[in-house]
A.B. asks: 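Let me begin by handing over the structure; questions about it come next.
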Amino acid sequence: MSRQLSEQEQIRRDNLTKIEELGINPFPSELYPVTHLAEDIKKTYKTGDAGFEHVVLAGRLMMKRIMGKASFAELQDSSGRMQIYVNRDEICPGEDKTMYNTVFKKLLDIGDFIGIKGHMFSTQTGETTVHVTELTLLSKSLKPLPIVKTDADGKVYDEVTDPEFRYRQRYVDLVVNPDVKKVFKQRTTMYNSMRTFLNDKDYLEVETPILQPLYGGAAARPFKTHHNTLDMTLYLRIANELYLKRLIVGGFDGVYEFSKDFRNEGMSRFHNPEFTQIELYVAYKDYDWMMDLVEEMVEKVAMDMHGTTVVKVGENEINFQRPWKRYTMFEAIEHFTGVDISAMDEPALRDTAKSLGVSIDPALGKGKIIDEIFGEKCEAQLIQPTFITDYPVEMSPLAKKHRDKEGLVERFEAICNGKEICNAFSELNDPIDQRERFEKQLELGKRGDEEAMMLDEDFLRSLEYGMPPTAGLGIGLDRLAMIMTDSHSIQDVLFFPQMKAETIQE
RNA sequence: GACCGGUUAGCUCAGCUGGUAGAGCAACGCCCUUUUAAGGCGUGGGCCCUGGGUUCGAGCCCCAGACCGGUCACCA
């Protein structure tokens, strides 16, 4: 214990010792019989209501206003805050006033967990308050919490805003900034909404491997690790697509998974090395059907989260009400650039990209060039939810060739607020075609495309046994959560975003 | 990875042209029995991110680095 304690930390440790000397256990083990939550009482209690003669609450002491022999304080539980009134002669009815004069007034610190028993009343100013008759220390806090105060106008003082502090010590952020909790509760509402939607359709929630001998199902660089006993290289999954399709081969009609995926790439306000997608595969369906499902599900998510289909995101108001606009990729490019590239070969595309001011890596093939043009010129302008359909075959090695259009696949993405939120296709189930696509990926890899896919023989074997026609979908849930909670950065929808190593001084 | 900005008390932030480190809140002491950003009086608290350099003298100027943020690049 060579760590330098600040003055305030030392005082709290001294208080801890004094509490122990008074025979009070600062970290008692027995349960505390909580009966009420602060917010529930505030919502239901009216002055003088019966049924509130005995309430028991527990939480952190967040503010003390001491006025001699009586005090007001604020207790914060998981639901919110409740004012409590502590009167010396009521919590210390006998001669011994230690509990009030010493323990409550001096030895309890902001952040300590306490339990209170008492009854409800309203103060002269009309605030719902617990009149405390018994007070118990439940757990001592040894580090001072930042004190954030809000006045009657809602103006916040000394708000903890430093992003580094907030992300590294999320536990403090959650205690001190009440809106943070709201975002994460909303995120869970989003998950529950989807889960209910999909379960109601009898699709099966499943789990598939995170440690994979081959990574696949997306184009990205993986994290690599090693299994000691098997002495083999394993990768953290970049997607779970190929495993879920194996389950469709196995005879499930619909499977989905909320999956943590891992991509060893740059970080930004839209990218965290680990992130969450939901992937869904449904047999005997196609991508047109899947578009309808996405609209229906995301509209429901917005309703469940906000009670409306209109969501405010930054400057924009986004309306998720069905139906969403649908463009083919070529139509979108023509709409935003005035150029029809649908019949162009690779050199013509290169020239077009150049004239549009889109710089193209020479290693890129035809499909990637089209994607670059779309990404540069169209994506950011699509604010309202919009489906973009029919992508070039070269950049979609797992999607089925278009039933009518040469060189394209039956694929769509939904774009919203200028960013992709989902990706889906009629899944390629022809094992011979799939093998050729993988082989083309290997060639792209040789040309220098670092994200080209690996050839997965076991997956091909499963397709050879036969996979029914299937529609597949992936939704980036962090991105969707950002939109649905109006969060500027992915770090605001992840409890513990990835950070560089911190050196904690000991 | 590139460019720009930031890092000072527990928190939010000042700190001028280089001259002994500041405020509010929090903490500590005293007063106060319905307050509410409670109030009054008083007190303490600092590796000014780290390491070099310039200077009589550096929180401030210069160089290098760490971490954070923004923009861009990368990113299905």
A.B. asks: Do the side chain of A:D153 and the main chain of A:K155 share a donor and acceptor less than 3.5 angstrom apart?
C.D. replies: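 Checking the backbone N and O of A:K155 against the side chain of A:D153, no donor-acceptor pair under 3.5 Å is found.
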A.B. asks: Between B:A26, B:C11, B:U34, which nucleotide gets closest to the side-chain atoms of A:D158?
C.D. replies: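 Shortest atom-to-atom distance from the side chain points to B:C11.
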A.B. asks: Does OP1 or OP2 of B:A38 have a side-chain N or O of A:R65 closer than 4.0 Å?
C.D. replies: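 Looking at the OP1 and OP2 atoms of B:A38, one of them is under 4.0 Å from a side-chain N or O of A:R65.
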A.B. asks: Return the polar atom pairs (N/O with N/O) between nucleotides 42-45 of chain B and the protein under 3.5 Å, or none.
C.D. replies:
residue, atom, partner, partner atom, Å
B:G44, O2', A:E7, OE2, 3.1
B:G44, N2, A:E7, OE1, 2.5
B:G44, N3, A:E7, OE1, 3.4

A.B. asks: B:G46 P sits how many Å from A:E9 CD, rounded?
C.D. replies: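 Answer to the nearest Å: 13 Å.
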A.B. asks: Can you run down the salt bridge (Lys or Arg N to Asp or Glu O under 4.0 Å) pairs that involve residues 259-271 of chain A, sequence neighbours left out, and say none if there aren't any?
C.D. replies: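 Output for this query lists A:R237-A:D261, A:K260-A:E274.
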A.B. asks: Of all the choices, B:U12, B:U34, B:U33, which nucleotide is nearest to the side chain of A:D89 once you look at every atom?
C.D. replies: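 Within the option list, the nearest is B:U33.
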A.B. asks: Using atom P in both nucleotides, what's the gap between B:C72 and B:U12 to the nearest angstrom?
C.D. replies: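 So the two P atoms sit 27 Å from each other.
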A.B. asks: Considering only NZ, NE, NH1 and NH2 on the basic side and carboxylate oxygens on the acidic side, decide whether A:R170 and A:D173 come within less than 4.0 Å.
C.D. replies: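 A salt bridge is present here (some side-chain N lies under 4.0 Å from a carboxylate O).
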A.B. asks: Salt bridge or not between A:R437 and A:D433? Use side-chain N to carboxylate O under 4.0 Å.
C.D. replies: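 So A:R437 pairs with A:D433 through a salt bridge.
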A.B. asks: Out of B:U34, B:A76, B:A37, which nucleotide sits closest to the side chain of A:M453?
C.D. replies: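 Between B:U34, B:A76, B:A37, the one nearest the side chain of A:M453 would be B:A76.
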A.B. asks: On the side chain of A:E127, is there an atom forming a donor-acceptor pair with the base of B:U35 - under 3.5 Å, no angle test?
C.D. replies: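 Check fails, no donor-acceptor contact within cut-off.
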A.B. asks: Do NZ/NE/NH1/NH2 and the carboxylate oxygens of A:K440 and A:E436 come within less than 4.0 Å?
C.D. replies: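 Salt bridge absent between A:K440 and A:E436.
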A.B. asks: Could you tell me whether the phosphate oxygens of B:A26, OP1 or OP2, come under 4.0 Å of any side-chain nitrogen or oxygen in A:K64?
C.D. replies: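 For A:K64, the contact criterion (side-chain N or O under 4.0 Å from OP1 or OP2 of B:A26) is not met.
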A.B. asks: Report the relative orientation of the aromatic rings in A:F258 and A:Y256; use parallel for angles under 30°, tilted for 30 to 60°, perpendicular for over 60°.
C.D. replies: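 Because their plane-to-plane angle is over 60°, the rings of A:F258 and A:Y256 count as perpendicular.
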A.B. asks: Can you tell me if A:T161 touches the phosphate of B:C13, counting only side-chain N or O atoms and a distance under 4.0 Å to OP1 or OP2?
C.D. replies: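 Checking A:T161 against B:C13: at least one side-chain N or O falls below 4.0 Å of OP1 or OP2.
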A.B. asks: Output one letter per nucleotide in nucleotides 67-72 of chain B: B when a protein non-hydrogen atom lies under 4.0 Å from the base, S when only the sugar-phosphate is that close, - when neither is.
C.D. replies: SSS-S-
A.B. asks: Can you check whether A:K149 has a side-chain N or O nearer than 4.0 Å to OP1 or OP2 of B:A37?
C.D. replies: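 False: A:K149 side-chain N/O out of range (4.0 Å or more) of B:A37 OP1/OP2.
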A.B. asks: Under 4.0 Å from OP1 or OP2 of B:C30: is there any side-chain N or O of A:K106 that close?
C.D. replies: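 For B:C30, OP1 or OP2 has a side-chain N or O of A:K106 closer than 4.0 Å.
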